[in-house]
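One structure is given below, encoded as structure tokens.
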Amino acid sequence: MGARPQFIKAFALSRELRRKHTEILVHTGQHYDYEMSKIFFDELDIPKPDYNLEVGSGPHGEQTGKILEKLEKVILSEKPDLVLVYGDTNSTLAGALAAVKLHVKVAHVEAGLRSFDRRMPEEINRIVTDHVSDILLAPTKTAMAHLKSEGIAKNAHLVGDVMQDAMEIARERAKKSKIISKLRIEGKYVLATLHRAENTDDRGRLSNIVDAFLESGANIVLPLHPRTRKVLENSGLMKKIDGKNIKIVDPVGYVDMIALMDGAEKILTDSGGVQKEAYMLGRPCITMRDNTEWVETVDAGWNVLVGAEKKKIMEAIKNFNPKGSRKDIFGGGGACGKIVGILEKFEKK
Ligand code: UD1
Ligand code: UDP
């Protein structure tokens, strides 16, 4: 693991895995700022990583290559029975490749997700990881269907989403969070996150989003990913935001994030994890992307895709008010237990 959402997934699975097994935790160092990494180890009881490869940031090939090179040494010396990878980051891809090349079995948590947009770095990471993995652990029925249509369903299992397990623990803890008063948030607010490469690295899309936020007049709270902060500062867009209706804060810990989402009137995001959490919490989600892997949330009427179109974003901030019950689409919890059971059966084969 190496990126923020992976620490949260590991928070749920690691505790379950360690009941009967030895886990050697490798942090690739893809994320390294305190608020993007250590905060999660400090506040959640994720075990301290046994290794930190400290690869840091860099272009895709360089970052993936560095992880591959360093991880190979760790796998050779630790000789694990299995390498488990989460999600779709460069750390995921490098982890899976390093293991499979050494003939070590690979399990992929969050297998089968597709956006069908190969310009997304995550899409390439997912496809390659799924196709080299021995055990595919899918969170949704749609993910299972994708694996089937690609001819790799033989070792796929529908286990539900480990983020539902994480949410169940964090939700209790979030009741005690003081983040709303700490950030001096008053009244109704919309919680926003923004970091997807397709939005941050495209000047047109990014300024449409900023303009939509500003012109909506909504009270927007934006815990800002360092990637986006850098782009906003370097492009001069940050000056436009200063003193206006967008409250920019540093990224927050997971428990505080759940509290912020739970307290929000609506959620604006381009994150994968946040779309799911909005659904679990019953908050309307406005997704600033042209597609989503979490199609069930859109089909259920609780998530709307607005791309980076100013009018659509503003319209949704004003009028997107889904109502009605939400059926369970993430397996209802217990994904971690199911994963450990599957790994054990696989081991005995
Ligand atoms: C990565 C994942 C993305 C995931 C996201 C979670 C890939 C290709 N992308 O995107 O799928 O949704 O993590 O947050 O793996 N930076 C810092 N400090 C940090 C980390 C990053 O300043 O601790 C800045 C650096 O300028 C870096 C940029 O953010 O170049 C991008 O970081 P990187 O890890 O490459 O991608 P993310 O956008 O974080
Ligand atoms: N998150 C967090 N603090 C923040 C923003 C997000 O703890 O300031 C959590 C969020 O609740 C979710 C995960 O980070 O569990 C999502 O990570 P991110 O959006 O970075 O990546 P993605 O899910 O898009 O890969």
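Start at 1 and go down the list; that is how both ligands and their atoms are numbered. Note that the structure is a prediction, hence the values are computed from the model and not measured.
Listed by number with element, the atoms of ligand 1 under 4.0 angstrom from any heavy atom of Lys230 are 17 (C), 22 (O), 24 (C), 25 (C), 26 (O). Of all the atoms in ligand 2, the ones that sit under 4.0 Å from a non-hydrogen atom of Pro251 are 8 (O). Heavy-atom proximity to Asn90, at under 4.0 Å, picks out these atoms of ligand 1: 7 (C), 8 (C), 15 (O). Heavy-atom contacts of Met261 reach the following atoms of ligand 2: 11 (O) (cutoff under 4.0 Å). Numbered from 1 in the order shown, with element, the atoms of ligand 1 that lie under 4.0 Å from a heavy atom of Met36 read 23 (O). Within ligand 2, the atoms closer than 4.0 Å to a non-hydrogen atom of Phe40 are 7 (O), numbered from 1 in the order shown. The ligand atoms of ligand 2 that sit less than 4.0 angstrom from a heavy atom of Gly253 are 7 (O).
Ranking the protein heavy atoms by distance from atom 31 (C) of ligand 1 puts Arg227 NH1, 3.5 Å first. Looking from atom 1 (N) of ligand 2 to the surrounding protein, the closest heavy atom is Met257 CG, 3.7 Å. The protein atom (non-hydrogen) at minimum distance from atom 8 (O) of ligand 2 is Val252 N, 3.0 Å. Protein heavy atom nearest atom 9 (N) of ligand 1, with residue, atom name and distance: Glu122 OE2, 3.7 Å. Protein heavy atom closest to atom 27 (C) of ligand 1, with residue, atom name and distance, is Ser57 OG, 3.2 Å. Looking at atom 25 (O) of ligand 2, its nearest protein heavy atom turns out to be Pro5 CG, 3.5 Å. The protein atom (non-hydrogen) at minimum distance from atom 12 (O) of ligand 1 is His195 NE2, 2.8 Å. Asp33 OD2, 3.0 Å is the protein heavy atom nearest to atom 18 (N) of ligand 1. At the shortest separation from atom 17 (C) of ligand 1 among protein heavy atoms lies Tyr32 OH, 3.3 Å. The nearest protein atom to atom 23 (O) of ligand 2, hydrogens excluded, is given as Gly273 N, 2.8 Å; this is a heavy-atom distance.
Using modelled atom types, one finds a donor on one side chain and an acceptor on the other under 3.5 Å when comparing Ser91 with Gln30. Side-chain atoms of Glu344 and His21 form a donor-acceptor pair, as typed in the model, at a separation below 3.5 Å. No side-chain donor from either of Thr92 and Asn125 sits under 3.5 Å from a side-chain acceptor of the other. A donor and an acceptor atom, one from each side chain of Glu277 and Ser271, are nowhere located under 3.5 Å apart. Under the 3.5 Å distance criterion, with hydrogens and angles disregarded, no donor-acceptor pair is assigned to the side chains of Asp250 and Tyr34. Judged purely by distance below 3.5 Å, without hydrogens or angles, the side chains of Tyr279 and Glu296 never pair a donor atom with an acceptor atom.
Heavy atoms of other residues, nucleotides or ligands lying less than 6.0 angstrom from NZ of Lys338 number more than 12.
Cation-pi contact between Arg4 and Phe40: absent, since separation from the ring centre below 6.0 Å together with deviation from the ring axis within 45° is not met.
Taking distance alone, with nitrogen or oxygen atoms compared against 3.5 Å, Gln30 approaches ligand 1 more closely than that limit. Considering backbone and side-chain atoms alike, Pro223 places every N or O at 3.5 Å or more from each N or O of ligand 2. Considering backbone and side-chain atoms alike, Gly272 places an N or O below 3.5 Å from some N or O of ligand 2. At least one N or O atom of Arg196, backbone or side chain, sits closer than 3.5 Å to an N or O atom of ligand 2. For ligand 2, the polar-atom distance check finds an N/O of Arg4 within less than 3.5 Å of one of the ligand's N/O atoms. For the pair Ser91 and ligand 1, the shortest N or O to N or O distance does not fall below 3.5 Å. Polar contact check, Glu277 against ligand 2: a nitrogen or oxygen pair lies under 3.5 Å apart. At under 3.5 Å, not a single nitrogen or oxygen of Thr89, backbone or side chain, sits near a nitrogen or oxygen of ligand 1. An N or O contact shorter than 3.5 Å links Ser271 to ligand 2 by distance.
In this structure, Ala94 and Leu68 approach most closely via the heavy-atom pair O-CD1, 3.5 Å.
Inter-residue side-chain proximity for His225 and Thr193 is flagged as unmet; no heavy-atom pair is nearer than 4.5 Å. With a 4.5 Å cut-off on side-chain heavy atoms, Leu71 and Thr28 do not count as touching. Looking at heavy atoms from C-beta onward, Ile135 lies out of side-chain contact with Asn155 at the 4.5 angstrom threshold.
Classification of the Tyr254-Phe11 ring pair by plane angle, with boundaries at 30° and 60°, yields perpendicular.
Linking ILVMFWY residues whenever their side-chain heavy atoms come closer than 4.5 Å, directly or via other members, places Leu13 and Leu137 in the same cluster. Neither Ile24 nor Met1 shares a network with the other; the hydrophobic side chains, linked directly or stepwise wherever heavy atoms of I, L, V, M, F, W or Y lie under 4.5 Å apart, form separate groups for each. Residues Met144 and Ile342 are members of separate hydrophobic clusters, defined by side-chain heavy-atom contacts under 4.5 angstrom among Ile, Leu, Val, Met, Phe, Trp and Tyr.
At a heavy-atom distance under 4.0 Å, only side-chain atoms of Met163, from C-beta outward, approach ligand 2. When heavy-atom distances to ligand 1 are checked against a 4.0 Å cut-off, Ala197 has no atom that comes that close, whether in backbone or side chain. Residue contacts with ligand 2 for Ile8 involve side-chain atoms from C-beta outward but no N, CA, C or O (heavy atoms, distance under 4.0 Å).
By heavy-atom distance, the residue among Arg4, His60, Arg126, His31 lying nearest atom 10 (O) of ligand 1 is His31. The closest non-hydrogen atom to atom 6 (C) of ligand 1, taken over Pro121, Gly2, Gly29, Pro5, comes from Pro5.
Distances from ligand 1 to the non-hydrogen atoms of Glu35 include no value under 4.0 Å.
Salt-bridge check for Arg19 with Glu16: passed, with a basic side-chain N closer than 4.0 Å to an acidic carboxylate O.
Distance alone, capped at 3.5 Å, is enough to place a donor-acceptor pair between the Lys266 side chain and the Ile317 backbone.
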